2 protein chains.
Amino acid sequence: MPNTIPLNQEISLSVIKTACSNCNLRELCLPFGLSLEELERLDDLISTRRRIKRGDHLYRAGEPFDAIYAIRSGFFKTDVLLEDGRDQVTGFQMAGELLGLDGISTEHHTCNAIALEDSEICAIPFSRLESLSREIHNLQHHFHKVMSREIVRDHGVMMLLGTMRAEERLAAFLLNLSQRFTARGFSHAEFYLRMTREEIGSYLGLKLETVSRAFSKFQEEGYIAVQQKHIRILNVSGLKALMNHRA
Amino acid sequence: MPNTIPLNQEISLSVIKTACSNCNLRELCLPFGLSLEELERLDDLISTRRRIKRGDHLYRAGEPFDAIYAIRSGFFKTDVLLEDGRDQVTGFQMAGELLGLDGISTEHHTCNAIALEDSEICAIPFSRLESLSREIHNLQHHFHKVMSREIVRDHGVMMLLGTMRAEERLAAFLLNLSQRFTARGFSHAEFYLRMTREEIGSYLGLKLETVSRAFSKFQEEGYIAVQQKHIRILNVSGLKALMNHRA
DNA sequence: TTTTCCGGTTGACATGGATCAAGCCGACGC
DNA sequence: GCGTCGGCTTGATCCATGTCAACCGGAAAA
């Protein structure tokens with residue numbers, strides 16, 4: 001299991017009580033750049049840690065918003081539904097990333113967040129986060145950066161959906177996953193996909209058959225080895241070249 | 001000229017000095033929900049008003065970020081460029097909307113902002129906005145809402161690019177423009193497009209010919225009347241129906 | 001062990017939109 | 001007034017991806 005976050009083995013009171021200050025994701029997640037003392041104040045704010053089983057919703061579109069969620073372990077997707085039944089996966093989120101930022105705008109969630117494997121999240125009451133970030137400049141600034149990063153990420157997806165062809169999209173997707181796994185200390189070259197071909201397709205604006213064919217093509221070309229959801233990347237620069245090739 | 005923001009005729013010192021407190025966009029823009037006193041503090045923060053001529057850049061991808069911009073009058077597009085020359089319009093912005101939020105994340109702008117007509121913007125130094133929003137809760141909260149709204153908007157575009165067909169995309173685009181013009185007190189049924197068919201196409205992930213054909217089709221069906229960039233919407237529900245029709 | 005089912009792969013064919021190409025129209029310079 | 005040019009429209013053809021369908025294989029249920 002190359003990409004399962006190793007949970008703390010020694011379950012002690014202190015582990016349960018303190019949230020951020022000894023979380024191994026603190027360099028990726030909201031606490032980034034905070035001092036020890038600031039970190040402890042953030043700890044107080046994390047009201048709940050909650051387990052979400054694979055397939056369960058963390059929240060649904062339309063529900064009132066009052067907290068954002070940090071993923072402590074596991075893997076999620078977010079999707080948006082149209083009345084006519086069409087849906088679009090808007091993102092895949094992994095440990096250290098935040099969920100629920102879309103809800104701030106209307107005070108209701110605007111998408112569904114669904115666990116793709118058994119996961120654990122930290123709920124961060126939003127009004128308390130706002131109060132605390134009025135006091136801790138670093139927290140305020142970092143939170144703004146996280147929101148902005150989400151906007152930039154979305155622009156990347158728009159670029160992908162608007163101008164790239166099928167194989168470029170899948171290559172970009174794999175490279176992005178690889179890079180995010182690397183940032184979490186996992187192999188950049190070998191990982192398990194948590195989502196189905198259909199979910200990948202929905203995210204990339206493609207049908208599952210097209211995704212499947214692109215995987216096969218990449219394998220033929222020797223860029224990757226695919227075995228169901230187990231992916232090994234054999235030729236990173238090959239994938240990268242594929243993306244920039246087309247004029 | 002149905003959609004030109006009427007500028008204050010009496011150019012007086014006070015008009016030049018005070019920015020937000022007598023701006024007719026204050027209900028749309030950043031000052032939303034602030035008290036008179038808070039508004040005056042926000043005024044102090046607006047360092048510059050600047051005119052941008054049609055075709056000029058407000059900022060370019062890669063430039064250091066230090067301010068966000070509120071559009072006082074005019075019309076902009078933002079776009080992202082890939083190394084291989086492909087580009088994607090990521091949005092069209094009109095009076096009362098904010099530009100530059102993408103730059104917070106890396107402290108560099110990640111897209112280009114270009115005026116599509118002679119425009120006027122208010123520069124809001126970001127670090128000062130952060131300070132002030134530590135003091136004015138309403139400002140902090142509203143700013144968070146604005147960022148979140150941008151994320152939600154981007155999800156809408158992803159939906160559009162990922163699951164809709166050409167005519168649905170254009171219908172969604174026209175209805176969105178119409179709704180935004182309405183919010184600014186203009187006719188919801190009649191407006192001038194500030195962008196070319198090519199720019200619309202780039203935004204919608206289509207080629208300009210496809211956009212043009214879709215316009216013609218809508219006209220044939222009696223949904224709209226098109227005359228170059230002058231659009232009249234004749235049948236709103238027809239356009240709406242077009243969007244939800246397909247399973 | 002056998003059956004069922006779900007996710008995935010692969011093939012044959014259909015089609016929406018891209019591409020290529022010609023021509024139109026209004027704005028602008030000469 | 002005339003030529004040029006950019007933005008737009010329209011037609012003919014092409015092709016990437018969608019659609020439909022068959023089949024496979026592993027996992028869970030029987």
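Chain naming here is simple, since letters A, B, ... match the order of the sequence lines and numbering starts at 1 in each. What you see is a predicted model; the values in this text were computed from it and never measured.
Atom CD of B/E209 and atom C1' of D/dC14 are 14 Å apart (whole Å). Rounded to whole angstrom, the span from the CZ atom of B/R86 across to the P atom of C/dT19 amounts to 11 Å. Atom C1' of nucleotide C/dC6 and atom CZ of A/R54 are separated by 11 Å, given to the nearest angstrom. Here the P atom of nucleotide C/dT9 and the CD atom of A/Q219 are 9 Å apart, to the nearest Å. Remark: C1' of C/dC24 and CZ of B/R197 are 14 Å apart, rounded to the nearest angstrom.
Using a 4.0 Å heavy-atom cutoff across all strands shown, B/G205 reaches sugar-phosphate atoms only and no base atom.
Between B/F92 and B/R194 the shortest side-chain heavy-atom distance does not fall below 4.5 Å. The shortest distance between side-chain heavy atoms of B/S148 and A/L101 does not fall below 4.5 Å.
Between its opening and closing five pairs, the helix from C/dT1-D/dA30 to C/dC30-D/dG1 changes axis direction by 30°, a value rounded to 10 degrees.
With sequence neighbours left out, A/Y59 forms a ring-ring contact (aromatic ring centres under 6.0 Å, His included) with A/Y69, A/H109.
Side-chain atoms of B/R213 and base atoms of C/dG16 include no donor and acceptor less than 3.5 Å apart. Checked by distance alone, B/R165 brings no side-chain donor or acceptor within 3.5 Å of a matching partner on the base of D/dT17.
Side-chain N/O atoms of B/S212 include none lying less than 4.0 angstrom from OP1 or OP2 on D/dT10. Under 4.0 angstrom from either OP1 or OP2 of D/dG18 there lies at least one side-chain N or O belonging to A/T210. Residue B/K207 places at least one side-chain N or O under 4.0 Å from the OP1 or OP2 atom of C/dT19.
The side chain of A/T196 lies closest to C/dG7, out of C/dA18, C/dG7, D/dT9.
Residues A/R184 and A/E97 are paired through a salt bridge, judged by an N-O separation under 4.0 Å between the basic side chain and the carboxylate.
Closest-nucleotide positions on DNA chain D for B/L208 and A/V211 were compared, and the one nearer the 5' end corresponds to B/L208.
Although no hydrogens or angles enter the test, the distance criterion places a donor-acceptor pair under 3.5 Å between the side chain of B/Q88 and the main chain of B/S202.
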